[in-house]
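Inspection log for the structure reproduced underneath, given as structure tokens.
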Number of protein chains: 2
Amino acid sequence: MLGAKLKELREINGYVQRQIAAELEVDTAYISKVENDEKPLSKSHLKKIAKLFKVAEKELVVIWLADKILNTIHDEENKQQALQLALNTLTKS
Amino acid sequence: MLGAKLKELREINGYVQRQIAAELEVDTAYISKVENDEKPLSKSHLKKIAKLFKVAEKELVVIWLADKILNTIHDEENKQQALQLALNTLTKS
DNA sequence: CTATTTTTGACCTTTATTGTACAAGTTTTA
DNA sequence: TAAAACTTGTACAATAAAGGTCAAAAATAG
């Protein structure tokens, strides 16, 4: 989910992966994997990207977190109920 | 959340921690921590407990998973939105 | 066709988490 | 108040996950 968003952002701004990699001082292979949701992105990198493309950090963080949640439960049977329960718990507290 | 449920189950069934510990072949200190949500419980242990107290495994798994989710995001700002997004994503797929 | 970009796979190091154990302290119960 | 039950702190090995790298292959653009 985050990967697609990041890629979209990159393309809209006319960047190639190499340029993002340079900004974050990492390998382009890593960027590729992040865009394909094969590797997580650290929060500090996420912040840099938000700044770079002038997009609200919160917007990206929400997606980043949702991805984390989904990863936590990805091969479970009752994810939906669990998510619902988690949301309820949070809402009532 | 799971800890309280487990404790309730244990007390309803008139068990002391030592007995649960024996069933799972672990230290009672561990059971104490699990009941106080200080340590996670492995899924296999969870299954054994469900069987022991004849409660639907699913019921416990849902709580166990919800706890996992909540832990993943516990000190984040926009958890609620993230959870909502995760739930939406899951629902539409 | 060739140059650039992107992807893939294998690997590596560091950090975090899990599952345990033990000892000692505290609380509860009889 | 003594015994049983429970909690707390510390430690540790094993495992998993994070956060990368490098080289080579595949895809795409010009």
Side-chain angles (χ1 to χ4, degrees), chain A residues 1-50 52-53 60-61 63-76 82 86, chain B residues 1-50 52-53 60-61 63-76 82 86:
Chain A
M1 203 155 68
L2 182 66
K5 178 71 184 180
L6 259 23
K7 182 174 186 180
E8 182 195 323
L9 231 37
R10 174 172 65 79
E11 290 177 340
I12 283 177
N13 287 273
Y15 275 59
V16 296
Q17 290 181 356
R18 180 176 34 76
Q19 293 171 292
I20 310 279
E23 289 285 342
L24 304 186
E25 302 179 271
V26 296
D27 195 307
T28 65
Y30 181 53
I31 301 299
S32 169
K33 284 168 194 170
V34 168
E35 287 190 356
N36 290 294
D37 295 307
E38 279 154 33
K39 288 281 181 179
L41 187 68
S42 78
K43 216 176 176 184
S44 61
H45 284 339
L46 194 70
K47 288 181 182 189
K48 283 187 192 170
I49 291 177
L52 179 62
F53 294 141
L60 297 188
V61 170
I63 302 175
W64 178 81
L65 259 182
D67 263 4
K68 271 181 71 167
I69 294 168
L70 261 6
N71 273 322
T72 301
I73 58 175
H74 73 289
D75 46 11
E76 294 288 346
Chain B
M1 204 156 65
L2 182 66
K5 178 71 184 179
L6 259 21
K7 182 174 185 180
E8 182 195 324
L9 231 36
R10 175 173 65 78
E11 290 177 341
I12 283 177
N13 288 274
Y15 276 60
V16 297
Q17 290 182 353
R18 180 176 35 77
Q19 292 170 294
I20 310 279
E23 289 285 342
L24 304 186
E25 302 178 88
V26 297
D27 195 308
T28 65
Y30 179 53
I31 301 300
S32 169
K33 284 169 192 167
V34 168
E35 288 190 356
N36 290 295
D37 296 307
E38 279 153 32
K39 287 277 185 180
L41 187 69
S42 78
K43 215 178 177 183
S44 61
H45 284 338
L46 193 70
K47 287 181 183 190
K48 284 187 191 169
I49 291 178
L52 180 62
F53 294 142
L60 297 187
V61 170
I63 302 176
W64 178 81
L65 261 180
D67 264 4
K68 271 180 71 166
I69 293 168
L70 260 7
N71 273 322
T72 302
I73 58 175
H74 73 289
D75 46 10
E76 293 288 345

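Every chain is numbered from 1, with letters handed out A, B, ... down the list of sequences.
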Below 4.0 angstrom, N of the basic side chain to O of the carboxylate: do Glu76(B) and Lys43(A) qualify? yes

Rounded distance in Å - CD (Gln17(B)) to C1' (dA3(D)): 16 Å

Does Glu11(B) CD have over 12 foreign heavy atoms under 6.0 Å away? yes

Rounded to whole Å, please give me the gap between CZ in Arg18(B) and P in dA3(D). 16 Å

Quick one: pull up CG in Leu41(A) and CG in Asp67(A) and give me the separation to the nearest 0.5 Å. 10.5 Å

To the nearest angstrom, the CG-P distance between Leu46(A) and dG20(D) comes to 13 Å

State, to 0.1 Å, how close Leu65(A) and Ala82(B) come at their nearest heavy-atom pair, and which atoms those are. CB-CB, 3.5 Å

Going by heavy atoms in the side chains, are Leu52(B) and Lys48(B) under 4.5 Å from each other? no

Do Ser42(A) and Leu46(A) make a side-chain contact, defined as non-hydrogen atoms from C-beta onward lying under 4.5 Å apart? no

Just how far, in rounded Å, is C1' of dG19(D) from CD of Glu25(A)? 15 Å

Starting at CD1 of Ile20(B) and ending at C1' of dT7(D), how long is that distance when rounded to a whole Å? 17 Å

Would you mind listing every ring pair (Phe, Tyr, Trp, His ring centres under 6.0 Å) that reaches into residues 14-43 of chain B, with sequence neighbours excluded? Tyr15(B)-Phe53(B)

Could you state the atom-to-atom distance from NZ of Lys68(B) to P of dA16(D) in whole Å? 13 Å

Starting at the 5' end of DNA chain D, which residue's closest nucleotide do you reach first, Lys43(A) or Tyr15(B)? Tyr15(B)

In whole angstrom, give the distance that lies between atom CD of Glu38(A) and atom C1' of dG20(D). 14 Å

Sorted by number, the residues of residues 27-37 of chain B with heavy-atom contact under 4.0 Å to DNA chain C: Asp27(B), Ala29(B), Tyr30(B), Lys33(B)

Between CD on residue Gln19(B) and CD on residue Gln17(B), distance to nearest 0.5 Å: 11.0 Å

Lys39(A) has its side chain closest, among dC6(D), dT21(D), dG19(D), to dG19(D)

Outermost contacting nts on DNA chain C, any atom under 4.0 Å from chain A heavy atoms, listed 5' then 3', are dT5(C) to dA10(C)

Mind listing the closest non-hydrogen atom pair of Leu24(B) and His45(B) along with its distance? O-CE1, 3.9 Å

